Structure formats: structure tokens, C-alpha cells
Amino acid sequence: MENDVEKWLRSAGEGFLKDIGIRRDQFVLDFGCGYGYYTIPAARVVGERGKVYALDKDRVALTELLRRANSYGIKNIVPIEASGKLDIGLDNESVDAILLYDVLHYMSSKERSKIYSEAYRILRKDGFLSIYPKHNRTDEPLWDLSNMDLNDIIEEVEREKFHLDKKFFKELLHYNHLNKGYILNFKKNAAEVSLRGVKWI
Ligand SMILES: C[S@@+](CC[C@H](N)C(=O)[O-])C[C@H]1O[C@@H](n2cnc3c(N)ncnc32)[C@H](O)[C@@H]1O
């Protein structure tokens, strides 16, 4: 019988990613991609003219992700082996969407602040940052997220020039089984225009 991972990778994952806003031809960063349970369906949704950057500090996970992607004939995944530092080696305003799925609990509040600012830098103007804040206080609390609930997380991200655009409660894959969880999508605030020095006539 098909297990949850196979079911997700065969079809459910693509439906999920389309629902949260991933579209054909987009460039997507999957930060902390692990074994690629979101990377692989995202690569299918964006298609051959799109691209998914799969970033992780775990080389074993990246290798397994690429092996699986190859076995499906998927060629539009670009692996990025990270040092664990939070500088993302991508250009300013170069991606349409960033997935931060089941990864925030690894980071201190200072590190999270850094990742939001990097996300702001590399997202295009109309891009979005999508967060699956697993392991917050209301959902199997763990490590650095165990004292925060969804509203705390929303407030934290909104302090970093983003605003909450959409909130979903959806079936998704956590670890290797289907589960239900919240997804928070944030958009960039419009750049603040300084009026200092403007002469009013
Ligand atoms: C629980 S897994 C989630 C994997 C995937 N996003 C998913 O939802 O299936 C978290 C991943 O984030 C990675 N990670 C954590 N902190 C990281 C960092 N600072 N830089 C890169 N990867 C990181 C870990 O190596 C791990 O593979």
C-alpha cells in the first residue's frame, strides 16, 4: 500500500503548493529543505522554466533529495549546501517565494530576525514568505519555538517589514506522515518613501 510520503510526492504535495500560491515559472527558495518533501512537488509546479533552490546544512539530506529528484527526471532543483550561517547567497529580489517549513524551531530569535531580513532582501516586490511554524507552543512545542504561539510568530515577522497576507489550516506532510498544520504567508511591506528634503510648492 502507498505510504504518506509516496502519496504526497505523487500528487498531494503539488496540490498543497498550488493552494499556498506557488505558480508555473516561479523561482522558489526552500530554506531548510531536508529530504525535499516540499522541494520536489514545488519543482514540478514551477516547471522547467522555473527553479527551486534547495538549501540545507545537512549534506546527507541534500544528496538523498537529489537522488530522488533524478529518479523522477526532475532537473530544475539547484542544491545549496549551507554552512549553518544565515546569509543566503542569492541576489536581491531574485525569488518569488520562500518556504520556511518546519525549520524556525532550530533558530534563536536573533537568528530568526536575520533570516527574515535575508528573506526580505532576496524576495521580489510581490513575492511571499511562507512559514510552517511547526513546534510552536500549540503544536508539539520544541526548542526555540516552544514559548511562542502563532500570534507571537506573526508579530515577530511583522516587526521585520512583512505583513500577514494569508493564513491556511491544511493537510500537509510533517516528517514522514500526513498531518494538519497552519501555514502563514507574508508579503513585503511597500518600501517606505522618505519625504525629507522634498519641497512642497
Ligand atoms: C525538520 S527538517 C524540515 C525539512 C523540510 N523543510 C520539511 O518540512 O520536510 C529541518 C531542516 O532544516 C535544516 N536547517 C536547520 N537550520 C538550518 C540552517 N541554519 N541552515 C540550513 N539548514 C538548516 C536542517 O538541517 C533540517 O534538514
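In each ligand, atom 1 is the first atom listed, and ligand 1 is the first ligand listed. Worth saying up front: this structure is predicted, and the values here are computed from it rather than measured.
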- Can you tell me which residue and heavy atom of the protein come closest to atom 4 (C) of ligand 1, and the distance to 0.1 Å? Gly32 O, 3.3 Å
- Task: Under 4.0 Å from a heavy atom of Gly34: give me the atoms of ligand 1 that qualify, with their elements.
- Result: 4 (C), 27 (O)
- Message: Heavy-atom contact check, 4.0 Å cutoff: does Ala61 meet ligand 1?
- Response: no
- Shortest protein heavy-atom distance from atom 24 (C) of ligand 1, along with the residue and atom involved: Asp56 OD1, 3.5 Å
- Only heavy atoms count here, so choose which of Phe31, Tyr132, Tyr101 is nearest to atom 8 (O) of ligand 1. Tyr101
- Message: I need the single residue from Leu86, Leu100, Leu104 that forms a side chain to side chain contact (heavy atoms under 4.5 Å, CB included) with Arg112. Which is it?
- Response: Leu104
- Just grab all the ring-ring contact (aromatic ring centres under 6.0 Å, His included) pairs involving residues 79-104, residues at least two apart or on different chains. Tyr38-Tyr101
- Message: Please list, in number order, the atoms of ligand 1 under 4.0 Å from a heavy atom of Leu86.
- Response: 19 (N)
- Asp4 and Leu178 have their tightest heavy-atom pair at OD2-N, 2.8 Å
- Query: Near Asp58, which atoms of ligand 1 are under 4.0 Å from a heavy atom of that residue?
  - Reply: 25 (O)
- Task: Mark up the atoms of ligand 1 that fall under 4.0 Å of a heavy atom belonging to Val103, in ascending order.
- Result: 12 (O), 14 (N), 15 (C)
- Message: With a heavy-atom distance limit of 4.0 Å, tell me whether Leu173 approaches ligand 1 through its side chain, its backbone, both, or neither.
- Response: neither
- Task: Classify the angle between the aromatic ring planes of His174 and His135 as parallel (below 30°), tilted (30 to 60°) or perpendicular (above 60°).
- Result: perpendicular
- Against heavy atoms of Leu55, which atoms of ligand 1 measure under 4.0 Å? 21 (C)
